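These numbers come from the heavy atoms of this one structure, side chains and all, not from hydrogens, waters or symmetry mates. Residue numbers run from 1 in the order of the sequence given. Bear in mind the structure is a predicted one, so any value in this text is a computation, not a measurement.
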Amino acid sequence: SDLLFNSGSATLRKNATATLSQVANALASTYPNQSIVIMGYTDTDKIKKSNFKSNWHLAFDRAWSVRDFLVSKGVNKDRIAIESWGPTKPLSTKAASRRVDIVVVDE
């Protein structure tokens with residue numbers, strides 16, 4: 001539920017790291033062997049100011065940033081898949097749409 005990213009950015013905000021550290025702990029303790037899918041999203045505004053070619057690229061890099069953080073906290077990178085959903089599923093606000101979903105796959 002934290003605001004993870006600024007507009008046009010794939011860099012994690014400082015306040016996101018505490019929440020993602022808790023997620024990493026839960027993934028390691030509760031779901032140690034299950035696959036994880038990280039899905040990146042953006043708002044629906046066209047890219048104008050950032051270095052990203054499209055919202056799809058930005059969404060991918062957001063998911064990748066979360067992946068890198070989780071790996072730095074001990075989550076095995078081989079368990080993680082990345083998906084870019086770009087602007088396809090906006091939420092009620094632009095800020096809320098700048099997000100990732102982390103899904104544990106029930107295999």
Side-chain angles (χ1 to χ4, degrees):
S1 65
D2 286 344
L3 182 60
L4 300 181
F5 306 100
N6 290 324
S7 180
S9 175
T11 303
L12 287 169
R13 293 174 54 141
K14 288 182 183 180
N15 65 327
T17 58
T19 298
L20 288 175
S21 291
Q22 292 175 349
V23 170
N25 288 337
L27 292 172
S29 63
T30 308
Y31 308 102
N33 299 311
Q34 289 179 264
S35 297
I36 302 158
V37 179
I38 303 173
M39 298 171 278
Y41 297 89
T42 65
D43 59 36
T44 57
D45 291 350
K46 299 251 187 229
I47 298 287
K48 294 178 185 172
K49 296 179 186 175
S50 77
N51 295 326
F52 294 95
K53 292 181 181 181
S54 72
N55 280 322
W56 298 96
H57 291 91
L58 175 56
F60 180 88
D61 279 7
R62 285 178 173 166
W64 196 265
S65 290
V66 171
R67 173 222 179 258
D68 282 349
F69 184 85
L70 294 176
V71 169
S72 79
K73 295 297 181 185
V75 178
N76 184 337
K77 66 181 179 187
D78 295 332
R79 297 174 49 202
I80 303 172
I82 301 291
E83 294 181 358
S84 175
W85 288 81
T88 61
K89 295 185 178 184
L91 296 181
S92 59
T93 67
K94 289 180 184 184
S97 296
R98 297 190 297 263
R99 71 191 191 281
V100 296
D101 289 341
I102 301 171
V103 177
V104 177
V105 179
D106 188 16
E107 300 175 287

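With rounding to the nearest 0.5 angstrom, the OH atom of Tyr41 is 6.5 Å from the OG1 atom of Thr88. Leu20 CG to Asn25 CG: the interatomic distance, rounded to the nearest 0.5 Å, is 11.0 Å. Rounded to the nearest 0.5 angstrom, Leu27 CG and Asn76 CG are separated by 11.5 Å. Between atom CD1 of residue Ile47 and atom OG of residue Ser54 there is a gap of 7.0 Å, rounded to the nearest 0.5 Å. Remark: Arg99 CZ to Asp43 CG distance equals 10.5 Å, nearest 0.5 Å. Taking CE of Met39 as the reference point, atom CD1 of Ile102 lies at 9.0 Å (rounded to 0.5 Å).
Judged by distance alone, the side chain of Ser35 and the main-chain N or O of Val105 form no donor-acceptor pair under 3.5 Å. Counting only distance, with no hydrogens or angles, the side chain of Asn55 and the backbone of Asp45 share a donor-acceptor pair below 3.5 Å. Looking at Ser84, its side chain never comes within 3.5 Å of a backbone N or O of Gly40 through a donor-acceptor pair. In this structure a side-chain-to-backbone donor-acceptor pair under 3.5 Å is present from Thr17 to Lys14.
Under the 4.5 Å side-chain criterion, counting only non-hydrogen atoms from C-beta, Thr42 is in contact with Arg62. With a 4.5 Å cut-off on side-chain heavy atoms, Asp61 and His57 do not count as touching. Using a 4.5 Å cut-off on side-chain heavy atoms (C-beta onward), Thr11 and Phe5 make no contact.
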Check against side-chain contact (heavy atoms from CB on, under 4.5 Å), Asn6 and Arg13: CA-CA 7 Å; Asn6 290 324; Arg13 293 174 54 141; 3.1 Å; yes
message: Walk me through whether Leu70 and Ile38 qualify under side-chain contact (heavy atoms from CB on, under 4.5 Å).
response: CA-CA 10 Å; Leu70 294 176; Ile38 303 173; 3.9 Å; yes
task: Assess whether side-chain contact (heavy atoms from CB on, under 4.5 Å) is satisfied between Arg98 and Leu4, documenting all intermediate values.
output: CA-CA 7 Å; Arg98 297 190 297 263; Leu4 300 181; over 6 Å; no
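The nearest pair of heavy atoms linking Ala10 to Ser65 is O-OG, 2.6 Å. Of all non-hydrogen atoms in Ala96 and Thr93, the two that sit nearest each other are N-OG1, 3.0 Å.
Summarising the local packing, CZ of Phe52 is surrounded by more than 12 heavy atoms from other residues, nucleotides or ligands at distances under 6.0 Å. Heavy-atom neighbours of Asp68 CG from other residues, nucleotides or ligands within 6.0 Å: above the threshold of 12. Counting heavy atoms of neighbouring residues, nucleotides and ligands inside a 6.0 Å radius, atom CH2 of Trp56 exceeds 12 of them.
For the side chain to side chain contact (heavy atoms under 4.5 Å, CB included) test with Phe69, the passing option among Val23, Val75, Leu12 is Leu12; the others fail.
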